Amino acid sequence: MVIQETEGIKVGVETQYLAEYSNPQAMHFVFTYKITIQNESTYTYQLLRRHWEIHDASAPIKMVDGDGVVGQQPTLEPGQSHQYVSGCNLQSGIGKMLGYYEMERIVDGKIIQVQIPEFQLMAHYLQN
């Protein structure tokens with residue numbers, strides 16, 4: 001798991017290659033990632049938007065922006081966490097993702113960019 005903290009908000013990421021849904025001969029590699037967002041600050045925050053950079057060794061960088069995460073805009077009180085699972089398809093078995101969440105501090109409306117740590121996506125058979 002890789003973890004990064006921004007202003008008391010910790011984001012952790014775990015990845016998995018799904019060989020049973022992938023087809024390397026057709027240049028189709030499927031990965032999932034599990035995100036844990038932990039509010040260790042003294043403020044309540046709401047996750048409003050996300051921004052992803054998806055790097056694929058066989059394709060141009062893809063930018064993805066959208067509201068919330070998997071259809072939700074969770075609000076996290078101090079000490080609370082939110083976890084979700086999503087996925088990514090690559091044309092190669094090697095890539096990485098990174099990005100940030102825009103979160104609003106409820107008490108005063110301040111928007112912060114919470115960094116999502118860079119994480120690697122690699123088919124198991126390509127690892128040494």
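These figures come from a predicted structure and were not determined experimentally.
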Study note, to complete from the structure: In short, Q115 meets T6 closest at the heavy-atom pair N-OG1, 3.1 Å
**Study point:** Main-chain N/O of Q91 paired with D56 side-chain donor or acceptor, under 3.5 Å
**Key:** yes
Practice item. For the pair Y33 and F119, name the ring-plane relationship: parallel under 30°, tilted 30 to 60°, perpendicular over 60°. Key: tilted
Study note, to complete from the structure: Taking every heavy atom of Q38 against every heavy atom of S81, the minimum-distance pair comes out as OE1-CB, 3.0 Å
Practice item. Kindly check if the number of other-residue, nucleotide or ligand heavy atoms within 6.0 Å of OH (Y43) is above 12? Key: no
Review point. Distance-only, no hydrogens or angles: does the S92 side chain make a donor-acceptor pair with backbone N or O of I94 under 3.5 Å?
Key: yes
Practice item. Could you pull out the closest heavy-atom pair between F29 and A123, with the gap in Å? Key: CD2-CB, 4.3 Å
Review point. Is there a path from V11 to V64 through hydrophobic residues (I, L, V, M, F, W, Y) whose side chains come within less than 4.5 Å of each other?
Key: yes
Check your understanding: Within a strict 4.5 Å, meaning less than it, do heavy atoms of the T32 and Q16 side chains meet?
Key -> yes
Review point. For the residue pair G12 and I3, what are the closest heavy atoms and their distance?
Key: CA-CG1, 4.1 Å
Review point. If Ile, Leu, Val, Met, Phe, Trp and Tyr residues are connected whenever their side-chain heavy atoms lie under 4.5 Å apart, and connections chain through other members, are V70 and F31 in the same group?
Key: yes
Exercise for review: Using atom types as modelled and distance alone, determine if a side-chain donor or acceptor of Q73 lies under 3.5 Å from a backbone N or O of L48.
Suggested key: yes
**Study point:** Heavy-atom check, side chain of S58 versus side chain of L90, under 4.5 Å
**Key:** no
Practice item. Identify which one of T36, N39, V69 satisfies the side-chain contact (heavy atoms from CB on, under 4.5 Å) criterion when paired with H82. Key: V69
Check your understanding: At what distance, to the nearest 0.5 angstrom, does CZ of R105 lie from OG1 of T44?
Key -> 11.0 Å
Point to revise | Non-hydrogen atoms of L47 and M103 that approach each other most closely | key: CA-CG, 3.9 Å
Review point. Would you say Y17 and V85 are hydrophobically clustered, going by side-chain heavy atoms of ILVMFWY under 4.5 Å?
Key: no
Revision key, fill the gap. Here the gap from Q46 atom CD to I106 atom CD1, rounded to the nearest 0.5 Å, amounts to 5.0 Å
Point to revise | Backbone N/O of L121 and side chain of T15: donor-acceptor pair under 3.5 Å | key: no
Review point. Can you tell me how far the CG atom of N89 sits from the OH atom of Y21, to the nearest 0.5 Å?
Key: 12.5 Å
Exercise for review: State yes or no: do V30 and I54 share one hydrophobic cluster built from I, L, V, M, F, W and Y residues joined by side-chain heavy-atom distances below 4.5 Å, directly or via other members?
Suggested key: no
Practice item. Drop me the distance from M1's CE to E14's CD, to the nearest 0.5 angstrom. Key: 3.5 Å
Exercise for review: Please report the closest heavy-atom contact between Y100 and I116, naming both atoms and the distance.
Suggested key: N-CD1, 3.6 Å
Check your understanding: According to the interplanar angle, ranging from 0 to 90°, do the rings of Y101 and W52 count as parallel (below 30°), tilted (30 to 60°) or perpendicular (above 60°)?
Key -> perpendicular
Review point. To the nearest 0.5 Å, how far apart are OG in S22 and CE in M27?
Key: 13.0 Å
**Study point:** Option among M122, E53, Q120 that satisfies the side-chain contact (heavy atoms from CB on, under 4.5 Å) test with K96
**Key:** Q120
Practice item. Determine whether V114 and L98 fall in the same hydrophobic cluster, where Ile, Leu, Val, Met, Phe, Trp and Tyr are linked whenever their side-chain heavy atoms lie under 4.5 Å apart. Key: no
Exercise for review: For R50 and G68, indicate whether the former's side chain and the latter's backbone hold a donor-acceptor pair under 3.5 Å.
Suggested key: yes
**Study point:** Single hit among E104, E102, E7 for salt bridge (charged side-chain N to carboxylate O under 4.0 Å, His left out) with K110
**Key:** E7
